2 protein chains.
Amino acid sequence: MDADNNLFSPIKNRRAFEEVSLKIKALIFDGILKPGDKLPSETDLARQFNVGRQTIREALRILELSGFITVHKGGSGGPIIKDTILNTISALFLDAFRMKKMSLMELTVARLEIERVVLNYVMDSIDDSDIKSLQESVNRAKKKIENNIIATEENLQFHKLLAKASKNHVFVLIVETIMAAVADFLSRIRPDVETSNNVVEYHEQILRAIVEKKREKALNLLEEHLLEVRRRLQPFIDQEERAGGKEGDKQKG
Amino acid sequence: MDADNNLFSPIKNRRAFEEVSLKIKALIFDGILKPGDKLPSETDLARQFNVGRQTIREALRILELSGFITVHKGGSGGPIIKDTILNTISALFLDAFRMKKMSLMELTVARLEIERVVLNYVMDSIDDSDIKSLQESVNRAKKKIENNIIATEENLQFHKLLAKASKNHVFVLIVETIMAAVADFLSRIRPDVETSNNVVEYHEQILRAIVEKKREKALNLLEEHLLEVRRRLQPFIDQEERAGGKEGDKQKG
DNA sequence: TCACATTTGTCCGTATGTATC
DNA sequence: AGATACATACGGACAAATGTG
């Protein structure tokens with residue numbers, strides 16, 4: 001898109017902290033540095049790369065935000081390879097959603113379509129361990145509902161576990177990302193226990209259909225479930241529409 | 001997921017540069033700072049936030065990497081709000097793909113499913129301007145092929161333009177993200193002109209079917225097209241499999 | 001074209017907080 | 001509890017880049 005990943009890219013225009021972060025990233029990509037490994041301290045890195053400590057710090061900030069490392073302070077602390085890159089993608093997606101680059105309407109539409117596709121794969125690739133985690137998640141949710149507590153966390157987890165059962169990491173990432181945005185939204189509107197209960201009941205039925213290998217039934221239940229969710233969200237979608245929700249698309253580059 | 005977005009979260013445990021970046025982010029979310037606006041210089045920001053310049057710089061690195069600002073040096077330079085957050089998500093996804101958290105196999109599977117769904121929406125929401133850009137993209141590609149040049153860029157663009165025609169920003173983001181990974185892969189294997197030509201011909205047929213409002217035909221063509229792409233990629237998928245492609249899933253937290 | 005002011009980029013010295021041993 | 005090691009943060013200084021007059 002931009003003049004970015006093309007030939008004839010800048011030769012010397014990179015800043016020092018960018019070079020440092022790229023070099024460390026390359027070590028990770030090449031498997032020389034693995035998750036759990038500890039990087040030298042900032043002072044040591046500065047010496048080894050022959051740059052100042054501030055340069056190292058900015059490089060570490062980049063790697064930290066990108067999800068390649070975490071930094072621990074105190075004795076025997078320092079930066080360690082942590083590989084939480086998938087989380088950071090969800091975080092950025094959430095930012096984009098918050099900036100109204102994407103509307104609630106678009107999100108729910110995409111969610112329905114993608115989860116339908118994912119479920120189709122789940123029917124073929126689910127194993128006992130997946131079923132067990134799903135069952136446990138549903139049970140936890142039911143217990144909460146019995147105690148009159150909303151089970152948002154468990155309900156979102158159900159969909160993430162479902163994606164995991166598809167055994168496709170791309171689906172996992174997409175669903176987790178969408179769920180992060182959904183969670184952010186739900187945390188603001190605080191659904192009532194009755195709504196939460198409705199969700200749990202659907203999840204239970206979907207899980208049963210999956211276990212019984214009834215593909216069509218499972219797909220229909222999921223569709224019903226997500227349409228019901230959408231129906232309950234409709235007031236907020238309308239509200240967003242009225243407020244002139246999606247405006248972006250202004251600047252060009 | 002993590003202890004992150006809950007009540008009673010840490011009060012003072014955040015690092016100074018995090019607070020600064022969050023404060024600036026909040027100004028952007030609230031619309032007080034808009035794309036194109038110029039932030040004060042680093043020295044001014046340091047004065048205003050009552051921190052050192054190093055702290056400001058680390059905060060700016062975060063905002064830069066997250067896609068909220070870009071930084072220009074020199075007279076009348078400085079940080080400006082740039083809102084390219086969607087691009088940075090693709091970049092991170094690419095990192096994840098490079099780290100073998102996702103295999104080429106998983107990527108092509110997900111791509112086929114998602115593009116099928118997207119096309120279904122495109123059939124309903126496409127307008128003349130979309131058709132025009134798609135046509136132009138195809139024409140550019142054909143011209144390149146005539147001159148015996150591979151048209152990878154244009155071919156990838158076709159799919160991105162298709163996603164845009166769905167008028168759903170979530171789909172756009174997902175497809176652009178997947179295409180960034182595909183582009184990264186293709187840049188390494190360098191397809192021949194014949195393959196590139198095959199792709200262009202499919203795109204032309206798909207576009208014609210869309211214009212003629214033949215939904216089933218368009219969907220079938222897309223499926224054929226992507227299966228053909230997958231067939232040509234199969235050797236590399238096998239190779240990845242043999243090399244023990246996806247290993248990840250080791251560390252826990 | 002040529003200085004000049006502005007601003008980022010970078011380095012250094014130093015001080016402080018904090019976690020580990 | 002004390003020593004150590006480390007990140008965190010501040011302030012001063014200079015170089016490099018870039019737009020302006």
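Please read these numbers as outputs of a predicted model, since none were measured by experiment.
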Checking contacts here: which listed nucleotide ([options]) is nearest the side-chain heavy atoms of [X]?
X	options	answer
B:F17	C:dT20, D:dA9, C:dT7	D:dA9
A:A16	C:dT10, C:dT18, D:dA9	C:dT10
A:S76	D:dT8, C:dC21, C:dG9	C:dC21

Can you check the [X] [atom1] to [N] [atom2] distance for me, whole Å?
X	N	atom1	atom2	answer
B:K73	C:dT8	NZ	P	11 Å
B:E42	D:dA9	CD	P	16 Å
B:D44	C:dT6	CG	C1'	11 Å
B:L45	C:dT7	CG	C1'	12 Å
A:K38	D:dC6	NZ	C1'	8 Å
A:R15	C:dG9	CZ	C1'	9 Å
B:R47	D:dG12	CZ	P	12 Å

*Aromatic ring proximity A:F97/A:F185, centre distance under 6.0 Å*: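 No: the rings miss the under 6.0 Å criterion.
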
*Please name all residues satisfying side chain to side chain contact (heavy atoms under 4.5 Å, CB included) with A:A141, sequence neighbours left out, ordered by chain then number.*
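Here the qualifying residues are A:A151, A:E154, A:N155, A:V200.
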
*Determine whether A:K38 and A:I81 make a side-chain contact, defined as any pair of heavy atoms from C-beta on separated by less than 4.5 Å.*
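Of all side-chain heavy-atom pairs linking A:I81 with A:K38, none is under 4.5 Å.
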
_Result of checking B:K73, B:R61, B:R57, B:R47 against B:E42 for salt bridge (Lys or Arg N to Asp or Glu O under 4.0 Å)_ =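 It is B:R57, the one option of B:K73, B:R61, B:R57, B:R47 that forms the salt bridge (Lys or Arg N to Asp or Glu O under 4.0 Å) with B:E42.
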
*asked:* Keeping B:D83 on the side-chain end and B:P35 on the backbone end, is there a donor-acceptor pair under 3.5 Å?
replied: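 Absent.
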
*When you measure from every atom of DNA chain C, which of residues 51-66 of chain A have a heavy atom less than 4.0 Å away?*
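Contacts with DNA chain C under 4.0 Å: A:V51, A:G52, A:R53, A:Q54, A:T55.
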
*Test A:H203 against every option in A:Q157, A:H159, A:K142 by the side-chain hydrogen bond (donor to acceptor under 3.5 Å, both in side chains) rule and name the one that passes.*
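Among A:Q157, A:H159, A:K142, the one meeting side-chain hydrogen bond (donor to acceptor under 3.5 Å, both in side chains) with A:H203 is A:H159.
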
